[in-house]
Amino acid sequence: MKPMKKMLPVLAFVAVLFGLTILSLTTEEKTYSSTEKRELQTRPKVKIKTIKNGEFQQKYETYLSDQFPGRDEWVQLQTEISRLFGKSESNGVYFGKDHYLLEHYSEEDFDEETMTSNISALAAFVKRTKKQADVKVMMVPTKTWILRDKLPAFAPTFEEQRFYDELDRQLGADAEGILIPVKEKLKEHAPEEIYYRTDHHWTTLGAWYGYEAYVNAMGDDAGRANEKKRFVQVCDDFYGTTYAKVNRASQADAIYLYEPQPVLSVVYNMGEKTTDSLYEMEHLETKDQYRVFTGGNQAVLEITGGEENGKTLLVIKDSFANCMLPFLAEDVEKMVVVDLRQLNIGCDALVERFSPTEVLVLYNDAQFAKDRDFAMKCS
């Protein structure tokens with residue numbers, strides 16, 4: 001009888017594991033998490049090629065994590081246990097001062113090989129494109145780096161200046177005229193609410209400071225930016241991507257919008273639909289409220305209706321650009337916005353197709369450093 005008692009914990013563990021496996025196999029797969037605001041990994045197809053290069057194993061591990069039954073509840077339980085034991089971090093998120101949730105970035109997030117490869121591709125693209133268009137590059141620092149004073153005491157984080165040093169080195173003589181000093185601008189205004197507390201993106205105010213830096217770099221009248229510092233609050237219960245990693249927050253965020261004055265025409269994805277706004281207000285009634293900006297990441301947006309000045313601006317971007325687009329849209333006759341992650345076409349082909357007079361490459365530095373598409377599509 002005693003040996004049987006000793007086996008009970010093992011049997012219980014096996015039973016739970018077996019039950020969860022059966023549950024995961026019989027539960028319908030989810031393709032998107034409205035809580036985590038991201039696409040989920042579905043069951044990968046078995047291919048000899050992907051097994052040999054390790055891609056299948058990596059995707060399958062992510063699949064098991066993403067499709068785990070009761071995932072949201074487990075995440076919240078893990079967070080509560082971490083807090084109960086006095087930990088200042090859970091699931092890669094620091095619990096910072098003034099209710100800020102700050103992502104813990106490490107060497108892996110700024111993988112040297114991928115980061116260098118992407119910056120090299122960017123420098124080569126700039127060199128080719130500046131012959132026919134006015135090219136600018138804006139790399140937005142992470143919230144964690146700009147708001148380091150909000151971190152818990154002695155909390156380690158990646159020194160992002162290494163990214164900017166490499167960017168300066170590879171751009172060389174082009175850096176001064178092409179690289180927009182947005183990190184300096186954001187450092188200057190760090191005491192203001194330029195990043196969301198519960199999300200990794202900058203706020204509309206933060207994006208406005210980015211726009212101001214862009215206007216100054218373009219040599220335009222600084223008054224143009226000041227005229228646009230008019231925002232309207234559209235919600236006060238926003239919980240973003242950083243919150244989704246821990247399912248715990250002490251304070252919700254508010255979302256503000258800037259409404260361009262001209263009536264715009266916005267064509268989604270080569271004719272998928274046409275609207276007169278860069279906002280999709282219905283998303284404010286969902287869990288993924290940040291999708292109010294252009295409905296999330298779109299492959300291609302073609303925007304007209306701005307100032308009739310013969311200018312065409314091509315924006316190559318990640319999600320950080322979404323809330324800055326309304327500031328830019330009314331300054332040019334046409335604006336084309338592309339997300340390379342959603343589009344199977346290279347940078348040179350985009351320039352050839354749309355013949356821009358201006359090009360803006362706008363990314364968050366951490367997302368750019370680990371992007372798997374940029375080097376391949378812009379080299």
Side-chain angles (χ1 to χ4, degrees), residues 121-140 167 171-182 185 207-208 210-228 258 260-271 274 276 278 294 298-318 320-340 342-343 345-363 368 374 377-379:
L122 174 62
F125 172 69
V126 166
K127 187 174 182 178
R128 294 192 302 270
T129 309
K130 70 176 185 176
K131 298 174 183 177
Q132 60 194 92
D134 189 349
V135 185
K136 300 296 181 201
V137 173
M138 182 182 295
M139 291 292 163
V140 184
L167 191 60
L171 284 174
D174 291 328
E176 186 174 349
I178 288 175
L179 189 58
I180 297 172
V182 66
K185 175 69 75 171
W208 180 84
Y211 170 72
E212 184 182 42
Y214 176 74
V215 167
N216 291 337
M218 293 296 290
D220 292 340
D221 179 12
R224 179 190 293 273
N226 292 328
E227 290 173 3
K228 300 183 185 183
Y258 166 74
Q261 296 306 302
V263 177
L264 302 175
S265 173
V266 185
V267 180
Y268 282 68
N269 303 320
M270 304 297 187
T274 301
D276 60 359
L278 282 161
T294 71
Q298 307 297 330
V300 183
L301 296 174
E302 296 177 73
I303 304 143
T304 55
E307 185 177 342
E308 295 182 4
N309 51 17
K311 294 180 179 180
T312 297
L313 170 62
L314 171 64
V315 181
I316 300 173
K317 61 87 181 180
D318 67 7
F320 264 67
N322 293 356
C323 64
M324 186 170 152
L325 298 179
F327 299 123
L328 297 166
E330 59 188 359
D331 291 351
V332 293
E333 195 164 319
K334 182 175 183 178
M335 184 166 74
V336 181
V337 182
V338 297
D339 190 323
L340 295 176
Q342 317 289 328
L343 194 65
I345 190 172
C347 295
D348 290 344
L350 290 167
V351 172
E352 182 178 352
R353 180 182 181 116
F354 295 107
S355 301
T357 56
E358 301 172 1
V359 176
L360 173 62
V361 180
L362 198 168
Y363 280 76
F368 181 81
F374 193 88
K377 295 179 179 178
C378 289
S379 294

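Since the structure is predicted, the reported quantities are computational estimates derived from the model, not experimental observations.
Y268 is listed as a side-chain neighbour of L301, based on a closest heavy-atom distance under 4.5 Å. With contacts defined as side-chain heavy-atom distances shorter than 4.5 Å, the pair K311/E333 does not qualify. Using a 4.5 Å heavy-atom cutoff, the side chains of M218 and R224 are not in contact. At a threshold of 4.5 Å between non-hydrogen side-chain atoms, the residues V336 and L350 do not count as touching. The closest side-chain heavy-atom distance from I303 to L328 is not below 4.5 Å. Proximity of E302 to F354: side-chain heavy atoms (C-beta onward) are separated by under 4.5 Å at one or more points. Using a 4.5 Å heavy-atom cutoff, the side chains of F125 and D348 are in contact. Residues P356 and V351 form a side-chain contact, since some pair of their non-hydrogen atoms from C-beta on lies under 4.5 Å apart.
Considering all non-hydrogen atoms of both residues, N322 and P326 come closest at O-CD, 3.7 Å. Between M270 and V267, the closest heavy-atom pair is C-CG1, 4.5 Å. The two residues T357 and G310 come nearest to each other via the heavy atoms CG2-O, 4.1 Å. Taking each heavy atom of V359 and A133 in turn, the nearest pair found is CG2-CB, 4.1 Å. Residues T274 and S265 come closest through the heavy atom pair CG2-OG, 3.8 Å. In this structure, C347 and L340 approach most closely via the heavy-atom pair SG-CD1, 3.8 Å.
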Inset, instruction - Output, in order, the C-alpha distance, side-chain angles, deciding distance and verdict of side chain to side chain contact (heavy atoms under 4.5 Å, CB included) for M324 and K317. - result: CA-CA 11 Å; M324 186 170 152; K317 61 87 181 180; over 6 Å; no
Inset, instruction - Might you work through the side chain to side chain contact (heavy atoms under 4.5 Å, CB included) test for M139 and L122, ending with a clear yes or no? - result: CA-CA 11 Å; M139 291 292 163; L122 174 62; 3.9 Å; yes
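Taking CG of D134 as the start and CD1 of I178 as the end, the distance is 8.0 Å to the nearest 0.5 Å. Of the inter-residue distances, the one linking L360 atom CG with M138 atom CE reads 6.0 Å to the nearest 0.5 angstrom. Rounding to the nearest 0.5 Å places CG of L362 at 11.5 Å from CZ of F368. Note that the SG atom of C378 and the CZ atom of R128 stand 7.5 Å from one another [nearest 0.5 Å]. In this structure, K228 NZ and E212 CD are separated by 12.0 Å, a value rounded to the nearest 0.5 Å. Atom CG of D339 sits about 9.0 Å away from atom OG1 of T294, to the nearest 0.5 Å.
With Y258 as the partner, the ring-ring contact (aromatic ring centres under 6.0 Å, His included) test is satisfied by one option alone out of F327, W208, Y211: F327.
Residue R353 qualifies as open at atom CZ: its count of foreign heavy atoms under 6.0 Å is 12 or below.
Using a distance-only test at 3.5 Å, with no hydrogens or angles considered, no donor-acceptor pair links the side chain of K185 to the main chain of I180.
For the residue pair D331/Y214, the side-chain donor-acceptor check at 3.5 Å is not satisfied.
Between K136 and E358, no side-chain nitrogen of the basic residue sits less than 4.0 Å from a carboxylate oxygen of the acidic one, so the salt-bridge criterion is not met.
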